[in-house]
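First the structure, in the form of structure tokens, and then the observations on it.
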Amino acid sequence: MLIKLGVFIGQNFWLVIMLLSLFVEAMTVALVSVWFALGALLAWIAEILGASLTTQVLLFFSSSLLTLAFTFKFQPLRRHLCRQVVPTNCDALIGQVGVVIKEVTNDMSQAAGQIRVNQQIWSAYISPDETEATSYIVGSKVKVIKIVGVHAYVTATE
């Protein structure tokens, strides 16, 4: 039985390499061996057509390296086309409009005011960049400029 398996693998070496490469590719979440599977497929076809072992090996390595280079050549293009970053967590609050539910001031020595943004309540201060306002009363609409720790820094909406 073992001898028959050895003969099968010997006669179908490139097929076994291709299947192993595809198995490894299927077990990972990143591209790691698909190039070798393609190279093994081309070498296997060359074996079936009667090409020499040297030709098969050269075809395997050259096609694997070419497909690998081709993939990485267009990696920056893929990153450029798929660059849309979706803000999550508190980053998603920046630029959102909220309502003051407890007076917000620019005095850091006092307790922070509070705002409601997207059904969440945040401690808030007036942004240091805001030069005109010294406080926002309850019911005022404010825009979140930045989040630092647990505090939202806000400015008046336009």
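Residue numbers count from 1 along this sequence. Given the structure is predicted, the values throughout are model-derived calculations rather than measurements. These values consider heavy atoms only, across backbone and side chains, with no hydrogens, waters or symmetry-generated copies.
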**OP:** Quick one: name the residues clustered hydrophobically with F23, using the 4.5 Å side-chain heavy-atom rule over I, L, V, M, F, W, Y, and just say none if it's on its own.
**Re:**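 Same cluster as F23: M27.
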Original post:
Looking at residues at least two apart in the chain, or sitting in another chain, which of them share a side chain to side chain donor-acceptor pair (under 3.5 Å) with Q120?
Top reply: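 Once residues adjacent in sequence are excluded, the partners of Q120 under the side chain to side chain donor-acceptor pair (under 3.5 Å) criterion are W122.
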Subject >> Donor-acceptor pair, side chain of E25 and main chain of V34, under 3.5 angstrom >> reply: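 At least one qualifying donor-acceptor pair exists.
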Original post:
When you measure from the side chain of S140 to the backbone N and O of I137, does any donor-acceptor pair fall under 3.5 Å?
Top reply: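 Between the backbone of I137 and the side chain of S140 there is a qualifying donor-acceptor contact (under 3.5 Å).
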Can you tell me how far apart [atom1] ([X]) and [atom2] ([Y]) are? Round to the nearest 0.5 Å.
X: E103; Y: I126; atom1: CD; atom2: CD1; answer: 8.5 Å
X: N12; Y: M18; atom1: CG; atom2: CE; answer: 10.0 Å
X: L93; Y: I145; atom1: CG; atom2: CD1; answer: 12.5 Å
X: L59; Y: L66; atom1: CG; atom2: CG; answer: 10.0 Å
X: L38; Y: F60; atom1: CG; atom2: CZ; answer: 10.0 Å

Within one Ile-Leu-Val-Met-Phe-Trp-Tyr cluster: [X] and [Y], side-chain cutoff 4.5 Å:
X: L49; Y: L53; value: yes
X: F61; Y: W44; value: yes
X: I45; Y: W14; value: yes
X: I115; Y: I147; value: yes
X: I121; Y: Y136; value: no

Report yes if the side chains of [X] and [Y] come closer than 4.5 Å at any heavy-atom pair, otherwise no.
X: F36; Y: I17; result: no
X: Q96; Y: N118; result: yes
X: V142; Y: Y153; result: no
X: K143; Y: V154; result: no

Original post:
Can you list the residues that meet the side chain to side chain contact (heavy atoms under 4.5 Å, CB included) rule with L58, with sequence neighbours excluded?
Top reply: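 L58 satisfies side chain to side chain contact (heavy atoms under 4.5 Å, CB included) with T54 once adjacent residues are dropped.
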Quick check: closest heavy atoms across [X] and [Y], and the distance to 0.1 Å?
X: Q110; Y: T105; value: OE1-OG1, 3.8 Å
X: G98; Y: V117; value: CA-CG2, 3.8 Å
X: H151; Y: Y125; value: CD2-CE1, 3.7 Å
X: A112; Y: S123; value: CB-CB, 3.9 Å
X: S33; Y: S21; value: OG-O, 2.6 Å

